[in-house]
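Below: the structure, in structure tokens.
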Amino acid sequence: MKLTKQFFQQEDVVMIAQSLLGTLLYSRIGGFYCCGLVTETEAYDGINDKASHAYGGKLTARTRVMYEPGGISYVYFTYGMHSLFNVVTGKPGNPQAVLIRAIYPIEGIKDMQERRKKVLPFNRFTNGPAKLTQALGIDLSHNAIDLEGDTIWFEAVIEPDTYDIRRGARIGVGYAGEDATLPYRFWMIDPEAVMDRNRDIIKQNLNQSQSSSI
DNA sequence: TACACGATTTACT
DNA sequence: GTAAATCGTGTAT
């Protein structure tokens, strides 16, 4: 049940951000097969959103990919050391994206811990937008790639009624004026309990994805 | 070319 | 709680 362009090209980026909660995010990079449960996302709503890199229709070498049809990655580099992973959504010419802010580690845990230099507790080493890209092996070379491919992709396997969602203002967007308070951030309550409830169906998806994407 | 800054993380007080 | 790390990108020379 890999998420397709049909899903990513829906018009409501805020709804997509919410829907991406509870999906499985996979990467097959550098010979490692890794997967995590998406537990936190943020929507960036195109040219009218002051927090968006594409606010005001800004079109540069970096933001160009946001104007592409939904279903590809937008990876950008910030603070001199961090790559942040977004999903481009919506129709061509409408530069929307969803930032993946946190995952709960499921598969390839040893490999992810190896990529992360810092040793942290199990539920805290991929709970940040730059932590999860480092763990999954995502960097600038993965900008603008097709999310229906076999490098980075999402699988929808968990039913929404098995987890609770919270919603609030986005992080680190104080520069966005009144748009800084828009409730475009979504996060999941108690990921460990969600893992327990969905253990079987997740395991089944892990096996299917591994065999079909090699 | 030059320079200020960032959708963050980590270490340290 | 505060500050350092570190460099691609955007904007102004």
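For the numbers below, each heavy atom of this structure counts, side chains included, while hydrogens, waters and symmetry mates do not. Quick note on labels: first sequence line is chain A, next is B, and so on, each numbered from 1.
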Practice task
Quick one: do A:Ser209 and A:Glu155 satisfy side chain to side chain donor-acceptor pair (under 3.5 Å)? Show the steps, please.
Solution key: CA-CA 9 Å; A:Ser209 293; A:Glu155 301 263 352; 3.2 Å; yes
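- Along DNA chain B, read 5' to 3', the first and last nucleotides having any atom under 4.0 Å from a heavy atom of chain A are B:dG6 to B:dA11.
- Nucleic acid contact for A:Leu84: sugar-phosphate only, since backbone atoms but no base atoms lie under 4.0 Å from a heavy atom of the residue.
- Checked by atom type and distance alone, the side chain of A:Arg170 pairs as donor or acceptor with a backbone atom of A:Asp179 at under 3.5 Å.
- Judged by closest nucleotide on DNA chain B, A:Ile171 is the one of A:Arg116 and A:Ile171 placed further toward the 5' end.
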Handout entry: Base-contact (B) and sugar-phosphate-only (S) positions in nucleotides 5-13 of chain C, heavy-atom cut-off under 4.0 Å, - elsewhere
Key = BBBSSSS--
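- As judged by a 4.0 angstrom heavy-atom cut-off over every strand, A:Ala130 is placed among residues touching the sugar-phosphate backbone only.
- The side-chain contact (heavy atoms from CB on, under 4.5 Å) test with A:Phe7 singles out one residue from A:Thr23, A:Leu20, A:Thr89, and that residue is A:Leu20.
- Relative to the ring axis of A:Tyr76, A:Arg62 places its NZ or CZ within 45° and under 6.0 Å from the centre.
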Practice task
Decide side chain to side chain donor-acceptor pair (under 3.5 Å) for A:Asn207 and A:Lys203; before the verdict, give the C-alpha distance in whole Å, the side-chain angles of both, and the deciding distance to 0.1 Å.
Solution key: CA-CA 6 Å; A:Asn207 294 332; A:Lys203 189 154 206 162; over 6 Å; no
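- Ranked by how close their nearest DNA chain B nucleotide is to the 5' end, A:Tyr175 and A:Arg124 are led by A:Tyr175.
- In this structure, A:Tyr26 and A:Trp153 have parallel ring planes: the angle between them is below the 30° cut-off, well short of the 60° mark.
- A heavy atom lying under 4.0 Å from DNA chain C marks none of the residues of residues 179-187 of chain A.
- Aromatic ring centres of A:His82 and A:Phe77: separated by at least 6.0 Å.
- Applying side-chain contact (heavy atoms from CB on, under 4.5 Å) to A:Tyr74 and the options A:Glu68, A:Met66, A:Gln96 leaves one that passes, A:Met66.
- Panel note: side chain A:Arg116, backbone A:Thr126; no donor-acceptor pair is recorded below 3.5 Å.
- Checked against ring pair (Phe, Tyr, Trp, His ring centres under 6.0 Å), A:Phe85 has no partners two or more places apart in sequence or in another chain.
- In terms of modelled atom types and a separation under 3.5 Å, the side chain of A:Lys58 and the main chain of A:Ile47 share no donor-acceptor contact.
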Exercise for the section: Let me have DNA chain C in dot-bracket notation, would you? Count Watson-Crick plus G-U wobble pairs, both distances under 3.5 Å, and use [ ] for pairs crossing earlier ones and | for inter-strand partners. Expected result: |||||.||||||.
Let me have the donor-acceptor pairs involving side chains of residues 157-166 of chain A, under 3.5 Å, with sequence neighbours excluded, atom names and distances please.
from	atom 1	to	atom 2	distance (Å)
A:Thr162	OG1	A:Glu159	O	2.7
A:Thr162	OG1	A:Asn198	ND2	3.2
A:Tyr163	OH	A:Leu21	O	2.9

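- One finds a salt bridge joining A:Lys5 and A:Asp146 here, because a Lys/Arg side-chain nitrogen approaches an Asp/Glu carboxylate oxygen to under 4.0 Å.
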